[in-house]
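Quick caveat, the model's predicted, so the values are computed rather than measured. Heads up: numbering here begins at 1 and tracks the sequence. Just follow the structure's listing: the first ligand is 1, and inside any ligand the first atom is 1.
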Amino acid sequence: MTHPMIEQAAEILRGNDRGSYTVPTHGLYPFQWNWDSCLTALGLAHFDEARSWTEIDTLFDHQWEDGFVPHIIFHEADDGYFPGPDVWQTGRDVPTTGITQPPVAGFAVRRLFDRARDTDLARRRAADLLPRIARWHDWFYRCRDPQGTGLVAIIHPWESGRDNSIDWDAALAAVPTDGVMSFTRKDIQHANPDHRPTQAQYERYIWLVQHFRSLDWDHAKLHDASPFRVVDPGFNAILIRSCLDLAAMADTLGQGDIARSARAQAQKGLTALESLWNDAHGQYLCHDRAANTTVDSPSVGGLLPAFAPIPAARSKAIVARLEVIGKRSEYLVASHDPDSAEFESLRYWRGPVWLIVNYMIADGLRTAGEDAMADRIVAESLHLIEQSGFAEYYDPMDGTPCGGGSFTWTAAMVVEFLTKGRVPA
Ligand code: GLC
């Protein structure tokens with residue numbers, strides 16, 4: 001572990017460590033975020049395995065009784081972030097939000113488990129986390145797929161982890177703004193407003209929060225009551241992958257019931273995912289469940305299914321799409337097709353490159369035997385860091401660093417790429 005970039009990454013992870021959880025970055029995001037923590041644990045494990053298990057344990061300590069796991073845990077008061085606990089009002093002892101995030105926990109825990117040097121510790125911690133993750137997955141299929149289609153919907157753009165993606169524009173336009181509270185954004189005090197979501201989008205984000213709050217955060221009701229219900233192929237692929245990873249661990253740990261149920265969920269999800277494939281774009285697309293329309297938006301959400309065991313022909317088609325996107329930009333993988341009129345190279349999820357997405361796509365392509373493209377994504381990711389440091393996200397055209405700096409999950413992914421070489425598995 002002598003590579004200077006690993007030393008820099010370790011320093012960022014240490015600097016953002018709050019003892020039992022890690023903040024994504026100082027200032028802009030001063031709490032614990034769900035999928036940030038799970039992916040960060042992969043980086044932490046290279047230095048301190050016990051600490052990496054704790055990262056995920058802390059998150060699941062705040063799981064709700066119905067199985068739901070929040071997107072933010074507000075461990076300590078900090079008025080540098082909006083919307084804070086006073087807006088969410090979820091009534092938890094340690095405040096949390098009432099929406100969730102992409103369920104990477106099953107994947108991350110299996111990876112920690114499979115690579116563990118301290119195998120006794122890993123068996124104990126994994127055995128404890130397994131039923132909690134299974135309850136979260138069950139929550140998804142119960143509360144976010146009430147019709148039993150095999151695919152879950154998000155009910156707020158922030159749940160996708162791709163907050164202001166072009167994918168949500170049409171669905172978000174159907175969200176009203178009447179009665180929305182007046183508020184002061186904090187994100188644009190920490191980061192360049194031109195790199196962040198717009199005010200019109202923020203008003204709808206907050207309207208949805210107020211709406212769910214008025215329904216007492218009753219997850220049994222929120223899906224049907226939300227004007228925003230979108231089925232995201234990337235989100236579903238992450239859930240499917242986590243179900244399969246959970247099943248594999250459950251087999252090893254002798255928890256047959258969990259294994260069987262998780263495998264059935266994944267199988268149904270994989271079959272249903274095919275309904276989101278779009279031949280014209282050569283990739284998957286979102287489905288607007290509220291409007292019952294296909295979302296004609298070629299984003300990275302439709303390439304992320306490479307992370308799940310999709311059919312080989314689909315993986316190959318995604319490689320072909322990546323080659324095209326690679327010709328239209330300098331660094332893979334732009335979060336939106338640069339050829340599209342809505343593409344914005346600096347604005348958050350409407351164009352920029354995110355290392356965690358690169359990691360998941362490369363990982364899936366590697367498993368599918370698509371090594372050349374996986375290698376290319378890893379190489380371009382590391383090149384970005386060399387050029388621009390550990391930013392939140394990057395301009396795919398010239399590598400300009402954007403958003404917050406000294407960013408935790410970016411550092412974690414760099415450690416993964418470098419210590420696992422060109423083979424992130
Ligand atoms: C932004 C990102 C989201 C991430 C959070 C903390 O909201 O869109 O994916 O979890 O920041 O890093």
Side-chain angles (χ1 to χ4, degrees), residues 12-13 15-18 21-43 55-56 59 69-75 78 80-84 87-88 96-97 99-105 108 154 156-168 172 185-193 195-198 201-202 204-206 208-209 230 232 234-235 238 299-301 304 307 333 335-336 344 346-361 390-394 401-413:
I12 290 172
L13 293 175
N16 290 335
D17 188 353
R18 297 293 176 269
Y21 67 95
T22 312
V23 298
T25 186
H26 176 75
L28 184 61
Y29 303 123
F31 312 108
Q32 181 178 25
W33 262 257
N34 184 323
W35 74 324
D36 294 64
S37 264
C38 296
L39 294 165
T40 296
L42 300 175
E55 185 76 23
I56 301 181
L59 175 67
V69 183
H71 110 285
I72 304 176
I73 323 291
F74 298 105
H75 290 284
D78 188 316
Y81 179 83
F82 175 85
V87 179
W88 294 91
T96 75
T97 62
I99 58 169
T100 193
Q101 260 194 332
V104 282
I154 54 163
H156 192 295
W158 292 345
E159 291 198 311
S160 69
R162 300 185 293 114
D163 301 16
N164 70 336
S165 168
I166 292 156
D167 292 354
W168 324 132
L172 205 55
R185 288 172 63 179
K186 302 283 173 72
D187 59 315
I188 46 181
Q189 295 169 9
H190 297 288
N192 184 339
H195 301 178
R196 298 283 309 175
T198 64
Q201 285 160 348
Y202 248 80
R204 288 168 175 84
Y205 299 151
I206 299 305
L208 285 169
V209 173
V230 181
D232 171 5
F235 192 100
I238 288 171
S299 80
V300 78
L304 252 175
F307 190 49
V333 178
S335 47
H336 203 82
E344 289 179 80
L346 294 167
R347 205 185 280 277
Y348 217 30
W349 288 96
R350 300 174 80 84
V353 175
W354 293 72
L355 246 63
I356 39 131
V357 170
N358 284 9
Y359 176 80
M360 289 185 276
I361 293 178
F390 294 79
E392 186 178 6
Y393 49 96
Y394 305 86
C402 307
S406 297
F407 218 85
T408 296
W409 66 7
T410 306
M413 295 300 97

Under a 4.0 angstrom heavy-atom cut-off, which atoms of ligand 1 come close to [X]?
X      : answer
Gly161 : 2 (C), 3 (C), 8 (O), 9 (O)
Phe407 : 12 (O)
Trp409 : 4 (C), 9 (O), 10 (O)
Pro24  : 6 (C), 12 (O)

Subject >> Test applied, ring-ring contact (aromatic ring centres under 6.0 Å, His included); reference residue, Trp354; option that passes from Tyr394, Phe407, Trp35, Tyr348 >> reply: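 In the set Tyr394, Phe407, Trp35, Tyr348, the residue that makes a ring-ring contact (aromatic ring centres under 6.0 Å, His included) with Trp354 is Tyr348.
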Subject >> Matching residue for Trp33 among Tyr21, Trp409, Tyr81 - test: ring-ring contact (aromatic ring centres under 6.0 Å, His included) >> reply: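 It is Tyr81, the one option of Tyr21, Trp409, Tyr81 that forms the ring-ring contact (aromatic ring centres under 6.0 Å, His included) with Trp33.
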Original post:
Which bit of Trp158 is near ligand 1, meaning a heavy atom under 4.0 Å away: side chain, backbone, both or neither?
Top reply: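 The answer is neither; Trp158 stays 4.0 Å or more away.
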Is [X] close to ligand 1, meaning an N/O of one under 3.5 Å from an N/O of the other?
X      : answer
Trp349 : yes
Gln101 : yes
Tyr348 : yes
Asp163 : yes

Original post:
Is the distance between the ring centroids of Trp168 and Phe235 under 6.0 Å?
Top reply: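 For Trp168 and Phe235, the ring centres are not under 6.0 Å apart.
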Subject >> Near-ring test Phe31/His75, centroid separation under 6.0 angstrom >> reply: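 No, too far apart.
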**OP:** Nearest 0.5 Å please: distance from the CZ atom of Arg347 over to the NE2 atom of His336.
**Re:**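 Those atoms lie 14.5 Å apart.
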**OP:** For atom 12 (O) of ligand 1, find the nearest protein heavy atom and state the residue, atom name and distance (0.1 Å precision).
**Re:**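 Looking only at protein heavy atoms, the one closest to atom 12 (O) of ligand 1 is Asp36 OD2, 2.6 Å.
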Original post:
Donor-acceptor pair, Trp349 side chain versus Gly161 backbone, under 3.5 Å?
Top reply: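 Answer holds: yes.
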Subject >> Side chain proximity check, Ile238 to Phe307, heavy atoms < 4.5 angstrom >> reply: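 A side-chain contact exists here, since the closest heavy-atom pair is under 4.5 Å.
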